[in-house]
Amino acid sequence: MKLSKIVIATAVVAAGAAGVATNAFAQAKEQFFPLLSYRTGPYAPNGTPWANGKQDYIKMINARDGGINGVKLTFEECETGYMTDRGVECYERLKSRPGVTVFDPQATGITFALTEKAPVDKIPLMTLGYGLSVSQDGMAFKWNFPLMGSYWTGADILIQHIGKNAGGLDKLKGKKITLVYHDSPFGKEPIPLLQERAKMHGFELQLLPVTAPGVEQKATWLQVRKDRPDYVLLWGWGVMNSTALKEAQATGYPRDKMYGVWWAGAEPDVRDVGDGAKGYHALALNGHGTQSKVMQDILKYVHDKGQGTGPKDEVGSVLYTRGVIIQMLSVEAVRRAQEHFGKGKVMTGEQVRWGLENLALDQKRLDALGFNDVIRPISTSCSDHMGSTWARVHTWDGKNWKMSSDWYQADEQIIKPMVKTGADKYLADKKMQRRDVKDCQSPGQASS
Amino acid sequence: MFYRENGQFKTSYRADQQIFPIAQDRIVVLALVAAAFVLVPMLASDYFYRAILIPLVIMSMAALGVNILVGYCGQISLGSGAFMAVGAYGAFNFFVRFPGMPLVPALILGGLCATFFGILFGLPSLRVRGLYLAVATLAAQFFSDWMFLRIKWLTNNSDSGSVSVNDLQVLGMPIESAMSKYLFCLALLVVVALLAKNLVRGAIGREWMAIRDMDVAAAVIGIRPMFAKLSAFAVSSFIIGMAGALWAFVHLGSWEPAAFSVEVSFKLLFMVIIGGLGSIMGSFFGAAFIVVLPIFLNQFLPGFLDLFGIEISTAGLSHAELMIFGALIVWFLIVEPHGLAKLWSTAKQKLRVWPFPH
């Protein structure tokens, strides 16, 4: 190759890079939302609607309300591909933008890595329905917010539901429950709670890991066929879920004995399996459908104007709605922070953290926001960074997800001591102290 | 004109055998190292450190280790990710189980764990080679994936298999800020690179290269294949293990086994192939290519396409990134199968005879 060509190519590339660097930073009164997402890789089918929902809600708030009390919302997406190192790169890239608000890493692995970094940079991490279960303890994890539920609350609710349907939790004695899980921190998180419940009710817990990304499950299901468990809990994500359902169908395991976590209960998981997944249950962290006011607004202000991020018929699907909820909660956190620190100002990460810690969304407020029957009221505090543990169970009827249970709440008596022990162990490992109670009482100073 | 060696006479073996026999090279390399230590800290931003420089420095070290095994000794390995993982978790165990364990000894002990693991999985190299060996070392990868997910003791009984470290310091100096992390990794890289360069120039390195070029002939002239191959595995996996420990401790801070998946092994192999097999310099080039290029494309493409009025979605961007990246790899390998290091030496050769090429 000619040397001159290389030189020219390098020069062109360098010139382009300089151009990018200069035009990227124009700033005004804007609250910036960094959006980590994955639209490629084995988790893309689920990652995409999730990411679209987050974007559309921001666009809707800008179009309908003109931002939060006059502060415009901006965002930039960064593709992680569910890989930890790319996620860290995205975080580093976006964290120093002016007006940066809150990170939702969208992946358990990235959450673990960022949990170490967020306190240093003073940016809150929001992990709605995933992440570290023990980070519910806000006195130990000042910057983590596993809002609305963790894997422990999810597992707990599933056992409650199974017990109720069996005619009481004591009927679980001697039953066999198998956990088919993604072999990663994501899949392993529920195990301690299930073991605790197994001890309490005397059921037998069997653990069957599936190697990531989860397309190879033949051996797992042969094991299921051999053991004939009474129930199978599915802890999967992305392609793993539909594969598991197809394997269950091939094995002849009854789908109505299968219960998925809320990450295994969306349209992409079952659509390809169609009738084969009929009767399969999964946790529903949120309601779905387009009848709620917020979805109508998104359709009206965003999609009808041709500004929608994804296809229009995806609006209101399970994961899309979850994305909208995540974005709503972070917007409400900013709003709450503004009420305290000054309306119409751009909030810093620390101020948003205070907002996340003092969320108080009652039914009236949710109705006003257009989230009636989508989620239950949620209110956080210094010691409780989760806010609520409500979830329902829904069932796939071959075409749609239909709610098939009432709302459940995780059993505090079991979760609380586990969270406390786990958080204490974490603090001891890190040689850190619990937050002082004063740290909660004087929020004004914490935010200076 | 400026880059030529006439007039530079070597009057001793010492002078003749030095790493950079041309004075200009010595000056440039020393200036580069000095710039990396002094100039970069004055200029780099936090993002530049954490997202580009630190990964680059650590991956260069890992690629150096892989290059010793693959490039110098000819033992193709797909288990590099596993060696990194063993280094990381080894160092982690020493770090958390022994109170007051300093960082550097923990890293070295982690490297030694990887050495042991590397020798163990290097044993098949005594019987098989080439593709067969590649597959055999792949076993190391799967074994380590299994091991760190299953054996709870290795992760300090963490429920999820994810572990983290904090409070890193060297001789009382905290390794917390981006700059201190970078300087720490860079210092280690310089030491390791110097050691590696001297190893491959010495008797051991020549044994490795003899084995690589024709192992039967090497055995005939008195080189012990067992010693040569296993020592290559040992040295290489020590360096890779150290790099793995740095990746986990310094770069990620908190990690799970998936951080060292088979994908990392492939990436490392690509680094040495693209950078240049059997070249210390090539390891740096290869690491730069694989680490920096995707990030660069990711940030450069939207602005570039914007100039032509094209808007690109995040998904489209990451697909384009993969396509361009793949195309560039193929293009590079066709244009220069000996890697970026060879391009570099061609450039130097041209400069040497410029302006009178012959």
Side-chain angles (χ1 to χ4, degrees), chain A residues 1 3 6 13 16-17 19-21 23-24 35 37-41 44 48 51 77-79 81-86 88-96 108-109 111-117 120-121 132-133 183-189 191-192 209 211-212 309 422 426 429-432, chain B residues 45-52 55 96 142 145-146 149-150 156-167 176 178 247 251-259 261 263-264 291 294-296 298-304 306-307 313-319 321-322 335-336 343 346-347 350:
Chain A
M1 145 150 217
L3 204 58
I6 300 179
V13 165
V20 175
N23 70 16
L35 303 182
S37 68
Y38 37 96
R39 295 169 182 276
T40 55
T48 307
E77 211 168 65
C78 188
E79 168 78 21
Y82 205 77
M83 283 181 288
T84 304
D85 53 342
R86 282 309 285 274
V88 170
E89 192 268 327
C90 283
Y91 169 80
E92 297 293 347
R93 189 195 305 174
L94 299 177
K95 75 173 188 197
S96 50
T108 307
T111 306
F112 281 117
L114 296 190
T115 297
E116 307 294 307
K117 294 173 188 283
V120 182
D121 299 317
L132 273 159
S133 302
D183 202 357
S184 68
F186 158 65
K188 283 179 177 177
E189 273 279 324
I191 294 173
T211 317
T309 314
Y426 177 87
D429 283 354
K430 300 266 163 183
K431 302 184 188 71
M432 289 190 322
Chain B
S45 66
D46 206 46
Y47 166 72
F48 215 67
Y49 278 127
R50 291 185 195 269
I52 294 179
V96 296
F142 294 136
D145 283 353
W146 173 84
L149 281 169
R150 290 278 162 280
N156 202 11
N157 302 316
S158 138
D159 288 324
S160 58
S162 161
V163 296
S164 62
V165 290
N166 68 341
D167 198 20
E176 295 284 336
W247 187 257
H251 181 49
L252 295 178
S254 163
W255 69 97
E256 49 173 318
S261 63
E263 217 154 290
V264 176
V291 173
I295 297 173
F296 169 75
N298 189 287
Q299 295 178 55
F300 162 73
L301 276 179
F304 181 72
D306 207 34
L307 295 180
S313 67
T314 320
L317 180 62
S318 74
H319 290 304
E321 181 194 314
L322 288 175
V335 173
E336 188 44 88
L343 276 179
T346 312
K350 291 206 170 185

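Note on naming: letters A, B, ... go to the chains in the order of the sequence lines (proteins, then strands), and numbering restarts at 1 for each one. For clarity, every value in this text was computed on a predicted model and none was experimentally measured.
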Using modelled atom types and a 3.5 Å cut-off, is there a donor and acceptor pairing between side-chain atoms of A:E189 and backbone atoms of A:S133? yes
Of all of A:K430, A:M83, A:K117, A:K95, which one pairs up most often with chain B through heavy atoms under 4.5 Å apart? A:K430
So for B:W146, is it side chain, backbone, both, or neither that comes closer than 4.5 Å to the heavy atoms of chain A? neither
Among A:D183, A:V88, A:I191, which residue forms the greatest number of heavy-atom pairs with chain B at distances under 4.5 Å? A:D183
Using 30° and 60° as the class limits, which term best fits the ring planes of B:F296 and B:F300: parallel, tilted or perpendicular? parallel
Identify which of A:D429, A:D85, A:L114, A:T108 forms the greatest number of heavy-atom pairs closer than 4.5 Å to chain B. A:D85
Atom OH of B:Y47: over 12 foreign heavy atoms under 6.0 Å: yes
Does any backbone or side-chain atom of A:S184 lie under 4.5 Å from a heavy atom of chain B? Answer side chain, backbone, both or neither. both
Residue among A:K188, A:E77, A:R93 with most heavy-atom pairs under 4.5 Å to chain B: A:R93
Beyond-backbone contact of B:V264 with B:W247, side-chain heavy atoms, under 4.5 angstrom: no
Residue part contacting chain A, namely of B:V165, when any heavy atom lies under 4.5 Å: backbone
Presence of salt bridge, B:R50 and B:D46, under 4.0 angstrom: yes
Of the backbone (N, CA, C, O) and the side chain (C-beta and beyond), which part of B:E176 lies under 4.5 Å from a heavy atom of chain A, both, or neither? neither
Check this for me: does any side-chain nitrogen of one of A:R86 and B:E321 sit under 4.0 Å from a carboxylate oxygen of the other? yes
Any B:S313 side-chain heavy atom under 4.5 Å of A:R39 side chain: no
Given the options B:S254, B:A51, B:P55, which has more heavy-atom pairs under 4.5 Å with chain A than any of the others? B:S254
Heavy-atom distance under 4.5 Å to chain B: side chain of A:E79, backbone, both or neither? both
